[in-house]
Amino acid sequence: MSFFTDLAHQYIDGEWKAGSGSWDIIDFNPYNGEKLASITVATADEVDQAYRAAQRAQEAWGATNPYARRAIFERVLRIIEDREAEITEAIVAELGGTLVKAGFELHLAKEFLREAIHLALAPQGRILPSPDDTKENRLYRLPVGVVGVISPFNFPFLLSIKSVAPAIALGNAVVLKPHQNAPVLGGGLLAKIFEDAGLPPGVLNVVITDIAEIGDALIEHPVPGVISFTGSDAVGRHVATVCAQNFKRCVLELGGNSALIVLDDADVDYAVDAAVFSRFVHQGQVCMAANRILVDRAVEAEFTEKFVAKVKSLKVGDPADPETHIGPLINSSQADGVSSLVAQTVQAGAKALLHGRTEGNVVSPSVLTDLPDDSPVLRQEIFGPVALLLPFDGEDEAVRIANDTPYGLSGAVHTGDTERGVRLAQRIRSGMIHINDGTVHDEPIVPFGGEKHSGIGRLNGDATIEAFTTHKWISVQYGRSRFPF
């Protein structure tokens with residue numbers, strides 16, 4: 001497909017070029033195995049070129065009138081709207097995303113770009129009082145300079161935009177490394193759109209590579225002041241360690257093990273709908289997905305029957321089919337891993353109400369219950385179409401089970417009493433909880449992030465300004481200071 005081959009390049013200082021590494025990343029369609037593109041990886045030297053280009057470009061870009069920066073984003077949004085059908089096809093082809101997933105990702109990407117348009121004008125300085133009445137304290141909010149962004153494979157277009165767009169709108173330059181399973185949607189496409197919108201060369205650079213080629217060059221390089229990483233907690237721990245060693249700030253959006261809790265007074269039919277979507281959207285490859293579905297024993301039988309019936313009705317297969325609910329996982333390693341996890345969990349004593357089959361990278365849904373309390377699967381993120389049903393007796397037990405995980409990203413509580421749900425949500429150590437809704441939500445102005453192993457820092461709205469800017473104090477003495485010597 002020319003769409004992919006045209007964009008499958010490094011983009012450094014406004015130039016499209018091949019990498020000079022010794023091997024290629026092959027971009028495959030995860031459903032049918034079609035080769036979409038081949039990209040020679042960037043080396044550590046090319047990472048250095050990208051950061052140096054960003055450093056050179058940032059000075060002028062940071063001094064650009066924010067109204068002029070805003071105009072770039074207005075054009076970016078129009079380009080995406082004009083190319084929406086083409087981008088939708090790319091999401092299906094490169095990610096195995098269904099049309100529902102593609103619509104969801106594009107909608108949120110446009111919302112975050114609209115927020116970036118606003119962010120260009122958002123930073124404000126302050127005048128602060130001083131105990132010396134002849135002195136003025138000015139507090140400036142400035143770009144951090146250069147931001148390194150590492151984006152994941154599951155929602156690469158959205159999650160690249162989510163860091164790249166606000167960082168650039170706030171006056172920074174960016175070096176973006178997309179995931180090797182989504183090099184075009186997470187990298188090349190974004191570079192092309194910003195190029196067409198008139199972004200100056202060097203402000204956005206894209207390097208397509210892998211740690212096997214560059215080691216820690218992307219995060220330990222002296223130029224970037226902030227690293228924004230979205231991915232697994234294992235890699236996030238390493239990113240945080242290297243950043244700390246090199247005196248860099250990091251924003252980490254990591255994994256989750258969300259609990260969707262159904263209380264005894266919940267609307268069961270509605271809770272089933274929310275739970276099925278929250279667990280199986282994009283084949284469960286979502287950090288906010290409801291890994292664990294906790295159900296009060298008073299409604300357990302009714303909920304379980306209706307939940308299993310609805311899951312059985314989901315259509316599995318070709319993501320290009322408008323009726324498909326569940327397409328392929330991103331690669332064979334993920335598919336094999338999920339299949340093995342289900343088999344091991346059942347062998348260890350869990351009951352499979354549904355036991356999914358694996359054909360190629362397509363894994364059909366599994367629903368497991370009667371899990372032993374010490375089952376490892378209860379405390380880990382499952383990046384695939386596997387639902388765990390866990391009964392509980394009363395709110396205290398629900399809270400205990402929900403908190404019994406190293407993660408704390410999202411969650412949901414279903415109840416007929418809104419304030420009861422809020423009180424329960426306040427007891428769960430998680431960055432986000434939704435009452436009478438699903439677990440998968442993101443909004444441009446609401447702080448997004450997790451507790452525990454689910455991340456460090458927040459993005460969206462004011463939190464994004466904090467992430468990608470810094471304060472500078474300049475004082476002005478209008479009188480004369482008195483010095484002790």
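Throughout, numbering of the chain's residues begins at 1 and tracks the sequence. Computation of the quantities below employed the complete heavy-atom set of this structure, encompassing side-chain atoms and omitting hydrogens, waters and symmetry-equivalent molecules.
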Note to self: Distance alone, cut at 3.5 Å: any donor-acceptor contact between the side chains of Y31 and D318?
What the structure shows: no

Notebook entry, point to check: Would you say H441's side chain and D437's backbone share a donor-acceptor pair under 3.5 angstrom?
Noted result: no

Notebook entry, point to check: Sub-3.5 Å donor-acceptor pair from the side chain of R379 to the main-chain atoms of P406, do we have one?
Noted result: no

Notebook entry, point to check: Is the number of heavy atoms from other residues, nucleotides or ligands under 6.0 Å of E359 CD greater than 12?
Noted result: no

Next item on the list: Look up atom CD in E94 and atom CG in L189, then write down how far apart they are to the nearest 0.5 Å.
Entry: 9.0 Å

Notebook entry, point to check: Does atom NZ of K315 have more than 12 heavy-atom neighbours, drawn from other residues, nucleotides or ligands, at distances under 6.0 Å?
Noted result: yes

Next item on the list: Give the minimum heavy-atom separation between C250 and C243, together with the two atoms involved.
Entry: CB-SG, 3.8 Å

Notebook entry, point to check: Between D48 and R52, is the closest basic N to carboxylate O distance under 4.0 Å?
Noted result: yes

Margin query: Heavy-atom count check: over 12 atoms from other residues, nucleotides or ligands less than 6.0 Å from I445 CD1?
Written below: no

Next item on the list: For A54 and N205, work out which heavy atoms get closest and say how close.
Entry: CB-ND2, 3.6 Å

Note to self: Looking only at side-chain N and O atoms, does T230 offer a donor or acceptor that is under 3.5 Å from a partner on S151?
What the structure shows: no

Next item on the list: Looking only at non-hydrogen atoms, find the nearest pair between S366 and F280 and report the distance.
Entry: O-CZ, 4.3 Å

Next item on the list: Output the distance between atom CD1 (I330) and atom CD (Q283), rounded to the nearest 0.5 Å.
Entry: 9.0 Å

Note to self: Using the ring centroid of each side chain, check whether Y270 and H414 are separated by less than 6.0 Å.
What the structure shows: yes

Next item on the list: Check whether any side-chain heavy atom of E105 lies under 4.5 Å from a side-chain heavy atom of F155, and answer yes or no.
Entry: yes

Note to self: Donor-acceptor pair, distance only, cut-off 3.5 Å: does the side chain of H434 make one with the backbone of A412?
What the structure shows: no

Item checked: Exam field: side chain N172 to backbone I168, donor-acceptor pair closer than 3.5 Å -> no

Notebook entry, point to check: Salt bridge between D27 and K35, side-chain N to carboxylate O under 4.0 Å?
Noted result: no

Notebook entry, point to check: Hey, does the side chain of N361 reach the backbone of S332 with a donor-acceptor pair shorter than 3.5 angstrom?
Noted result: yes

Margin query: For I87 and L106: C-alpha separation, side-chain torsions, deciding distance, then whether side chain to side chain contact (heavy atoms under 4.5 Å, CB included) applies.
Written below: CA-CA 8 Å; I87 298 171; L106 272 167; 3.8 Å; yes

Checklist line | Value rounded to 0.5 Å, distance of CD in E253 from CD1 in I150 | finding: 13.5 Å

Notebook entry, point to check: With a cut-off of 6.0 Å (strictly less than), are more than 12 heavy atoms of other residues, nucleotides or ligands near CZ of R357?
Noted result: no

Notebook entry, point to check: Looking at side-chain heavy atoms only, is the closest gap between V440 and F104 below 4.5 Å?
Noted result: yes

Check: What's the spacing between N181 CG and I25 CD1 if we round to 0.5 Å?
Finding: 8.5 Å

Next item on the list: Output yes when K177 and E46 qualify as a salt bridge under the 4.0 Å nitrogen-oxygen rule, no when they do not.
Entry: no

Checklist line | Near-ring test F4/F28, centroid separation under 6.0 angstrom | finding: no

Note to self: Donor-acceptor pair, distance only, cut-off 3.5 Å: does the side chain of R429 make one with the backbone of A402?
What the structure shows: no

Note to self: With a 4.0 Å cut-off on N to O distance, would you call R56 and D13 a salt bridge?
What the structure shows: yes

Check: Under the salt bridge (charged side-chain N to carboxylate O under 4.0 Å, His left out) criterion, do D82 and R78 qualify, and how do the steps go?
Finding: CA-CA 6 Å; D82 290 344; R78 288 196 296 271; over 6 Å; no

Next item on the list: Give the C-alpha distance, both sets of side-chain angles, the deciding distance and a yes or no for side chain to side chain contact (heavy atoms under 4.5 Å, CB included) between V174 and V146.
Entry: CA-CA 6 Å; V174 170; V146 176; over 6 Å; no

Margin query: Please tell me whether H238 and D216 have a donor and an acceptor in their side chains that are separated by less than 3.5 angstrom.
Written below: yes

Note to self: With a 6.0 Å cut-off (strictly less than), is the heavy-atom count around NZ of K17, excluding the residue itself, greater than 12?
What the structure shows: yes

Item checked: Worked check of side chain to side chain contact (heavy atoms under 4.5 Å, CB included) between F157 and I80 -> CA-CA 11 Å; F157 189 63; I80 290 175; 3.7 Å; yes

Next item on the list: Considering non-hydrogen atoms only, spot the tightest contact between G188 and W16 and give its length.
Entry: O-CH2, 3.4 Å

Item checked: E323 atom CD: more than 12 heavy-atom contacts under 6.0 Å -> no

Check: What are the two closest heavy atoms between I465 and L170, and how far apart are they?
Finding: CA-CD1, 4.0 Å

Item checked: Electrostatic pair E84:K110 at N-O distance under 4.0 angstrom -> yes

Item checked: Gap between atom CG of L389 and atom CD1 of I293 - 0.5 Å precision -> 5.5 Å

Notebook entry, point to check: Hey, are the side chains of L218 and V175 touching, using non-hydrogen atoms and a 4.5 Å cut-off?
Noted result: yes

Next item on the list: Side-chain contact test, heavy atoms from C-beta onward, threshold under 4.5 Å: evaluate it for F3 versus V184 and give yes or no.
Entry: yes

Notebook entry, point to check: Cationic tip of K192 within the cone over Y11's six-membered ring, i.e. under 6.0 Å and within 45° of the normal?
Noted result: no

Margin query: I'd like to know if K162 pairs up with D442 as an ion pair, taking the criterion as any Lys NZ or Arg NE/NH1/NH2 lying under 4.0 Å from an Asp or Glu carboxylate oxygen.
Written below: yes

Note to self: So does G256 get a backbone contact from the side chain of E381, meaning a donor-acceptor N/O pair under 3.5 Å?
What the structure shows: yes

Item checked: Side-chain heavy-atom pair P365, V386 within 4.5 angstrom cut-off -> no

Checklist line | ring-ring contact (aromatic ring centres under 6.0 Å, His included) evaluation trace for F73 with F112 | finding: CA-CA 11 Å; F73 286 89; F112 276 95; over 10 Å; no

Note to self: For a 4.5 angstrom cut-off between non-hydrogen side-chain atoms, does I382 reach L388?
What the structure shows: yes

Next item on the list: Please check if the side chain of H282 supplies one atom and the backbone of G284 the other of a donor-acceptor pair under 3.5 Å.
Entry: no

Checklist line | Donor-acceptor contact present, side-chain K248 to main-chain P224, <3.5 Å | finding: yes

Margin query: If the test is side chain to side chain donor-acceptor pair (under 3.5 Å), which one of T439, N257, T405 qualifies with N291?
Written below: N257

Checklist line | Stepwise side-chain hydrogen bond (donor to acceptor under 3.5 Å, both in side chains) check, W23 with E213 | finding: CA-CA 9 Å; W23 54 286; E213 177 70 30; 2.9 Å; yes

Next item on the list: State, yes or no, whether a side-chain contact exists between T5 and S2 at a heavy-atom distance under 4.5 Å.
Entry: yes

Next item on the list: Could you give me the CA-CA distance, side-chain angles and deciding distance for N246 and E220, then say whether side-chain hydrogen bond (donor to acceptor under 3.5 Å, both in side chains) is met?
Entry: CA-CA 6 Å; N246 289 274; E220 66 184 8; 4.7 Å; no

Notebook entry, point to check: Between the side chain of S278 and the main-chain N/O of A275, is any donor-acceptor distance below 3.5 Å?
Noted result: no

Item checked: Closest non-hydrogen atom pair, G187 against L176 -> CA-CD2, 4.0 Å

Next item on the list: Decide side chain to side chain contact (heavy atoms under 4.5 Å, CB included) for F383 and V338; before the verdict, give the C-alpha distance in whole Å, the side-chain angles of both, and the deciding distance to 0.1 Å.
Entry: CA-CA 7 Å; F383 233 51; V338 170; 5.8 Å; no

Note to self: If you define the side chain from C-beta out and look only at heavy atoms, does anything of R458 sit under 4.5 Å from E466?
What the structure shows: no

Notebook entry, point to check: Taking atom CG of L254 and atom OG of S232, what is their separation to the nearest 0.5 Å?
Noted result: 7.5 Å

